[in-house]
Amino acid sequence: MKTLLKNGRILDPSQELDFVGHLVMEMDQVVEMGPRVNMDECDEVYDCTGMWIAPGLVDPHVHLREPGQEDRETIISGTQAAAAGGYTTICCMPNTNPPLDTPSLIDFILDRAASPEAGGVFVAPVGALTKAMGGQEISELASLKKAGIVAASDEGYPVQNSLVMTRAMEMCVQLDLPIMAHCEDQNLSAGGAMNEGAVSAMLGLRGIPRTAEDIMVARNCLLALSTGCQIHIMRVSTWGAVEMVRQAKYLGAPVTCEISPLHFSFIDEMVGEFDTTFKTLPPLRTQVDLDIMLQSLSDGTIDCIASDHSPYASHEVEAPFEEAPFGAVGLETTVGVTLTYLTHKGILSPLETIRKLSTKPAQILRLEAGTLKPGETPVAQVTVIDPDHEWTFDRNKTFSKSKNTPYHGAKFKGKTMLTFSGNEIYRDAFFPQERYRLQD
Amino acid sequence: MVRTRLSSIKKGRAKLPRNLTAIRLLHKEEICELLDSSADFKARVIDGKAIPSLGKKVVGMLFFENSTRTRVSFEQAAHYLGLKTANFSAAGSSMSKGETLKDTILTLRYERLDALVMRHRASGSATLAARYFNGPVLNAGDGQHEHPTQALGDALTILERKGSLDGLTVSIVGDVEHSRVARSNAWLLSKMGAEVRFVGPRTLVPTPQHIGMLPGEVFHDLQSGIQGADVIICLRLQKERMQEGMLSSIGEYAKLYQINRDTLRYAKPDCVVMHPGPINRGVELDDAAADSERSAITAQIENGIFVRMAALNWVFGENDMGPRAVETPDKSAKKAVKAK
């Protein structure tokens with residue numbers, strides 16, 4: 001089987017490539033790429049004129065909810081949503097029930113993700129940093145790494161005790177394992193439901209102060225500097241956190257960070273009349289923060305974009321604001337939001353967009369992904385995006401089991417059209433039929 | 001056959017329900033209308049004149065938090081208006097069996113209740129109830145958000161004593177951060193032209209940087225906060241604030257913020273002292289201030305009934321002058337266009 005992606009804009013940040021040309025896949029691998037390729041004997045041809053041909057997208061931060069919370073999402077529905085979003089590799093978070101703190105659970109995840117019903121997307125599990133994510137005893141990280149985890153994290157239950165964190169970091173240095181750190185001082189944030197500020201004061205909601213995030217980012221940066229442990233700061237939201245990361249990078253600390261689309265498209269005022277779909281962790285901040293986020297995305301201080309796909313059942317979301325869960329689904333909107341809010345506004349070039357959505361997260365977590373170089377990924381991972389396709393997002397037409405998203409009804413410019421992982425795993429309904437040709 | 005019946009029911013339901021979830025969302029004209037109607041109801045009740053009945057309607061009283069005065073006051077108001085009430089409390093309801101608030105509201109909707117009076121510990125719960133009830137919802141206190149009828153009762157009381165709200169200086173003293181009474185009062189009084197001040201320790205009032213969306217000025221010193229005030233509204237101090245480390249002790253709070261004979265000297269000589277109750281005597285208020293002729297606390301309680309009559313009457317969209325224009329979706333759409 002020989003597949004030709006014809007006449008697209010090839011964007012591969014791993015090789016700094018940005019040109020109009022063709023890409024040929026054969027036997028599950030990219031075999032040729034360039035302005036002129038051998039088009040003979042192609043079995044199928046996709047005309048990608050006006051579209052981007054990029055390495056399959058990589059999401060460092062996804063909640064698949066399995067095992068234990070299958071009413072919100074499953075590995076099967078989550079990987080299908082990922083494929084529809086253009087992702088070929090996703091990292092799944094350990095805050096399941098039970099948490100991913102033993103090798104057998106990692107085996108279970110990998111088995112399920114490889115099943116034929118799943119979306120054909122590579123799932124890279126992230127293990128719990130401490131047992132049961134309790135923040136006290138370090139997990140059996142060596143065994144977990146052997147089972148296949150790519151990083152360790154306590155996700156929404158960040159280790160509060162700095163001594164425990166230091167020891168966990170020492171262990172991770174020895175194992176050459178990155179730590180993904182959600183940063184929140186839970187004494188400062190206790191009981192909070194949204195950003196502490198004018199809006200929370202008006203609505204009578206307890207606030208989560210920006211210092212809750214800033215202090216923990218600072219601590220983790222300092223510990224990374226002293227231990228040498230690689231730290232990936234998850235979903236930054238405050239200007240202080242970003243400045244701390246900037247400083248840590250300047251000092252040579254092995255620190256990277258990600259942002260979720262929510263935090264570069266919305267601010268706390270969007271909560272309006274207690275709209276729980278805008279309840280996120282960290283909370284939506286203010287215009288000042290948003291401006292710094294855009295600037296830091298542009299200058300590279302923020303390394304990558306993570307969907308922070310956090311599915312919740314409708315009955316959990318349709319609750320009083322304080323009782324509703326934090327988070328939103330994002331696998332199927334991240335490309336649309338990123339292109340609409342960043343690329344088309346000139347914040348990121350097309351090449352930088354793909355770097356933040358694919359190459360950089362793969363490099364941070366040392367995944368065999370994020371590149372079109374032949375042989376550097378297990379199979380050819382390619383995503384085709386139409387940057388100019390205008391569409392309206394409808395949460396009722398998604399692969400995810402959950403519908404908790406503030407983007408319902410939002411208009412986007414830019415959509416994933418095709419996803420390949422070895423072979424085609426997703427083709428969008430808006431990809432014109434006449435652009436696909438199967439040769440006899 | 002079935003189809004025609006269904007469509008006629010739908011027609012009857014087409015009007016948009018009026019809710020009283022937050023003073024913040026009311027226009028000045030609506031507040032004036034509510035206060036006028038309250039005064040009218042008060043006159044009728046006190047003079048023993050006829051009160052127009054609202055007919056065979058049933059009001060659900062859904063109290064998830066303890067309440068004595070607000071519940072009794074709404075019951076009295078409903079009674080005067082000839083309405084029936086159906087009572088629910090958190091302990092006896094299906095909420096204690098794990099039902100979600102949304103499902104409870106939907107159940108009451110299909111029990112064919114005509115309006116809902118609700119108190120709940122979560123801010124914004126009245127908004128949620130209004131979203132699913134499809135009939136008028138009256139907020140009887142939602143978390144730390146709003147308590148609209150309390151503010152209306154307080155405003156009526158101030159009006160009776162001062163004749164007008166415009167131009168008055170009103171100091172709200174105490175735990176503003178956690179007070180729905182403070183928020184509703186601040187919105188109502190400022191919309192009516194009064195100058196609102198929030199007075200309290202830094203741990204219990206929003207910081208000046210965060211006050212931007214609440215109408216009021218912040219003071220941390222009692223003397224300057226009530227200097228020249230026409231009205232002082234004391235808030236109840238919850239004991240939990242000590243456990244949460246927001247205050248060192250009740251004694252220290254009383255020394256700094258108690259309204260008593262001495263501290264009242266800073267306010268205007270004819271300053272009105274108010275309190276939403278229940279009072280911690282000797283903490284936020286001393287006996288001399290609570291029981292003096294300046295105190296309007298008993299008037300607040302009594303006026304609570306009349307403003308709740310006005311509120312019930314208002315949400316059902318009629319008044320004693322005859323049926324009022326019912327807002328249909330079409331009409332309100334036209335209005336919006338006109339306003340533009």
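In the text below, chain A, chain B and the rest are named by the order of the sequence lines, each starting its count at 1. Worth knowing before you read on, the calculation uses all heavy atoms, side chains too, and leaves out hydrogens, waters and symmetry mates.
Residue-environment remark: CZ (A:Phe264) exceeds the threshold of 12 foreign heavy atoms within 6.0 Å. Counting non-hydrogen atoms of neighbouring residues, nucleotides and ligands closer than 6.0 angstrom, the CG atom of B:Asn66 reaches no more than 12 such neighbours.
No donor-acceptor distance shorter than 3.5 angstrom exists from the side chain of B:Arg24 to the backbone of A:Leu203, with no hydrogens or angles considered.
Heavy atoms closer than 4.5 Å to chain B are found in both the backbone and the side chain of A:Ala201. Looking at B:Arg180, there are no atoms closer than 4.5 Å to chain A (heavy atoms on both sides), in backbone or side chain. Both the backbone and the side chain of A:Glu196 come within less than 4.5 Å of a heavy atom of chain B.
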Chi angles and distances behind the side-chain contact (heavy atoms from CB on, under 4.5 Å) call for B:Leu101, A:Glu323: CA-CA 10 Å; B:Leu101 180 59; A:Glu323 293 161 19; 5.8 Å; no
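The closest side-chain heavy-atom distance from A:His315 to B:Lys102 is not below 4.5 Å. Side-chain contact check for A:Arg206 versus B:Glu177: every heavy-atom pair is 4.5 Å or farther apart. No side-chain heavy atom of B:Thr21 sits less than 4.5 Å from a side-chain heavy atom of A:Glu273.
Shortest non-hydrogen contact noted between B:Arg131 and A:Phe274 is NH2-O, 4.0 Å. Considering all non-hydrogen atoms of both residues, A:Gly204 and B:Ser123 come closest at O-OG, 2.6 Å.
Looking only at heavy-atom pairs under 4.5 Å with chain A, the residue among B:Glu146, B:His210, B:Arg183, B:His145 that has the most is B:His210.
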